[in-house]
Number of protein chains: 2
Amino acid sequence: MSKRLDRLALLETFARIARRGSISAAARDLGLSQASASRQLAELETRLGVQLIRRSTHELSLTSEGHQCLADADAIRGAWDALEERFREDQPGALRGAIRAVVPVALGQLHLTAAAVDFQRRHPEVSVTWTLDDEEIRFTEIGCDIWIKIGRPKDERLIVRSIATIERMVVASPTLLASGRIGRPQQLASIPCVALAPFEGHRMTLTSKRGAKAMVAATASFVTDNIFAAHQAAVQGIGFAVMPRWFIAEDLQHGRLVDLLPTWRAPKLTLSAALSPAGRRSKRRQLFLAHLLDALRQVDGMDPQHK
Amino acid sequence: MSKRLDRLALLETFARIARRGSISAAARDLGLSQASASRQLAELETRLGVQLIRRSTHELSLTSEGHQCLADADAIRGAWDALEERFREDQPGALRGAIRAVVPVALGQLHLTAAAVDFQRRHPEVSVTWTLDDEEIRFTEIGCDIWIKIGRPKDERLIVRSIATIERMVVASPTLLASGRIGRPQQLASIPCVALAPFEGHRMTLTSKRGAKAMVAATASFVTDNIFAAHQAAVQGIGFAVMPRWFIAEDLQHGRLVDLLPTWRAPKLTLSAALSPAGRRSKRRQLFLAHLLDALRQVDGMDPQHK
DNA sequence: AGCGGTTACGAAAGACGTAAGGATG
DNA sequence: CATCCTTACGTCTTTCGTAACCGCT
């Protein structure tokens, strides 16, 4: 049995194999020969006394033990990375390493990508993997560092911070209505509606500035799961829509959309940041998140929390 | 620069050196040559870019970075150990590894040591380091797994569980008073007192079963920091004493001591178990703690918490 | 066939122990 | 001068890449 093989390297190789679903691909990533990677995986399995990855020729799959091990491996590697970083913090700007982040599609496209790119430019030694996805992700499976999500992640093993609230309002193209405004929420029922699938059904609750609530049943004439599509539909006057304020702030300024019910608002959404407990003290992760939050603060219609 | 040295081994060597205060001693423990241990320490320092241990010939001392690193090193090694154990759990009884525990002196002497010994006997592959100490310990410095303490540890980085409450009462030798009982707390002021230094000063608050409070100023005729000494003094009739019920349950039964104020009690103490976050999932640590708690449950006058 | 994982073998790399050097109380 | 850490050197273990082998699609 080999003794001198770095156990942390074993974990790294294993994690790479698990995520790439291929030993040879992982070996390429790590600058090893396939043989080496294969041997390291076998070695780890021997040490732990369990099969971690089921090989069925051209098909690798994690065993249940493999799933558990992957989470642990990330935690351990994260802790080591944090230790290595800890004392490099003194030399600012010398950040290095990898960051994997997942953010909501629209927020990513319109605002956060610029911040992510800027961060990478300031820290050239850091490699950023930037995924835009609105769905619930399998956080540990993909080895994510930061996950920004609308709503609150369900996974209780994650560290979750509420970072902002998203104000939403009822808007429509000025061409839709002669008056440009309507008086009471109930009048919405007579107007067609552009609905955004993932966020709400076809009924909605509005709250007035005084705290009064109104339940409105909307008749959806256009339903989409993509906010850009919904936006286009609304601007072209198909119907009214419930939109995050940050998303349509410019349209309001230029008069492409109007606030149909200025004294009423749709329920706010919460924006959360989820972090794995693994690299808790990672400086680069902290700074990256701070950078994203800075960008969010610039966004009109977004109410940042925590200083 | 060496590349293939197991980073976890580096951490282990460092931790051993830090705790033993000597490279050669650590090397002996680990079955290495002094040269190897020295090299490994140097290698770790190079990797982290910081001096961890100050060598002043015949005197090793941790730098401040060394202190931080030691805590991290324990966490990382603990996480790896937990990973190794995780899949061995299936074979019960096959526990192995080391446990370092610190418990209060009196509790250890009278009750817990039997449990610790029993545990070791059931798991011969486990090595138990068993320290009896009432003082605040530097948990991470000594690499402790389980610390049972009267009161609540201050270190916020530890996982702390309240495991029992300790009922305390005012007792005295029947030879001290003709009546064997007194009526009101204030009457204590006229009787000499045996005081236990670490737990309270010379004033004390008593609570009646109905919730009434009474402040009593006692005149100490015998002050000691050792509960066995205090006990002897009390039994020999020097004065009354405030004692944990579990400690004097037998004396009450045999009439060596009497409950002076059966309807009044001194403030309860809380017994806590502190664990380092490091080896959170360590099976052996969990089982060991459970074993100690089982023993505590047998103790008369101790109120266990959490099932 | 072609792609991917495992096993065999030679070569190179690195770590270990021994031993010498140096500093301190 | 005894102790303890550091550095140098030769040996030996171990790992790596190449390459052959095998099992699927």
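In what follows, every chain begins at residue 1, and chains take the letters A, B, ... in the order their sequences are listed. Predicted, not measured: the structure shown is a model, and the values here were computed from it.
Of all nucleotides listed (C:dG5, C:dG17, D:dC16), C:dG17 comes nearest to the side chain of B:Leu32. Distances were taken from every side-chain heavy atom of B:Arg4 (C-beta onward) to each of D:dG17, C:dA13, C:dG17; the shortest belongs to C:dA13.
Between B:Arg20 atom CZ and D:dC4 atom P there is a gap of 11 Å when expressed in whole angstrom units. One interatomic measurement links the two molecules: CG of B:Leu5 to P of D:dT13, which rounds to 17 Å at whole-angstrom precision. Counting to the nearest Å, the P atom of C:dA13 and the CD atom of B:Glu43 are 18 Å from each other. Following rounding to the nearest Å, A:Leu60 (CG) and D:dG23 (C1') show an atom-to-atom distance of 14 Å. Here C:dG5 presents its P atom at 16 Å from CZ of A:Arg54, a figure rounded to the nearest Å. Between the CG atom of A:Leu10 and the C1' atom of D:dC16 there is a distance of 14 Å, rounded to whole Å. Atom CZ of B:Arg7 and atom C1' of C:dA15 are 17 Å apart (whole Å). Note: CD (B:Gln40) to C1' (C:dG17) measures 13 Å, nearest angstrom.
Between the CD1 atom of B:Ile23 and the CZ atom of B:Arg28 there is a distance of 12.0 Å, given to the nearest 0.5 Å. We find the CG-CG distance between B:Leu275 and B:Leu158 to be 8.5 Å, quoted to the nearest 0.5 Å. The distance from atom CG of A:Leu32 to atom OG of A:Ser38, rounded to the nearest 0.5 Å, is 11.5 Å. Here CD of B:Glu12 is found 12.0 Å from CH2 of B:Trp80. Values are rounded to the nearest 0.5 Å. Atom CZ of B:Phe119 is separated from atom CG of B:Leu292 by 8.5 Å, given to the nearest 0.5 angstrom.
Salt-bridge formation is detected for the pair A:Asp29/A:Arg20: a Lys NZ or Arg NE/NH1/NH2 atom is positioned less than 4.0 Å from an Asp or Glu carboxylate oxygen.
At a threshold of 4.0 angstrom between heavy atoms, the contacts of B:Gly21 with the nucleic acid are absent.
When the side-chain nitrogen and oxygen atoms of B:Ser36 are compared with OP1 and OP2 of C:dA15, none of them lie within a distance under 4.0 Å. A sub-4.0 Å separation between OP1 or OP2 of D:dT3 and a side-chain N or O of B:Ser24 is absent.
When A:Arg39, A:Gln40, A:Arg47 are each tested for a side-chain hydrogen bond (donor to acceptor under 3.5 Å, both in side chains) with A:Glu43, only one passes: A:Arg47.
Under the salt bridge (charged side-chain N to carboxylate O under 4.0 Å, His left out) criterion, A:Arg19 pairs with A:Asp74, sequence neighbours left out.
The end-to-end axis angle of the helix from C:dA1-D:dT25 to C:dG25-D:dC1, rounded to 10 degrees and based on five pairs per end, is 30°.
Aromatic ring pairs are classed by plane angle as parallel below 30°, tilted from 30° to 60° and perpendicular above 60°; the pair B:Phe139 and B:Trp147 is tilted.
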Sort me out a list of protein N/O and nucleotides 6-9 of chain C N/O pairs below 3.5 Å, or just none if empty.
| residue | atom | partner | partner atom | Å |
| --- | --- | --- | --- | --- |
| C:dT6 | OP1 | A:Arg55 | NE | 2.6 |
| C:dT6 | OP1 | A:Arg55 | NH2 | 3.3 |
| C:dT6 | OP2 | A:Ser38 | OG | 2.5 |

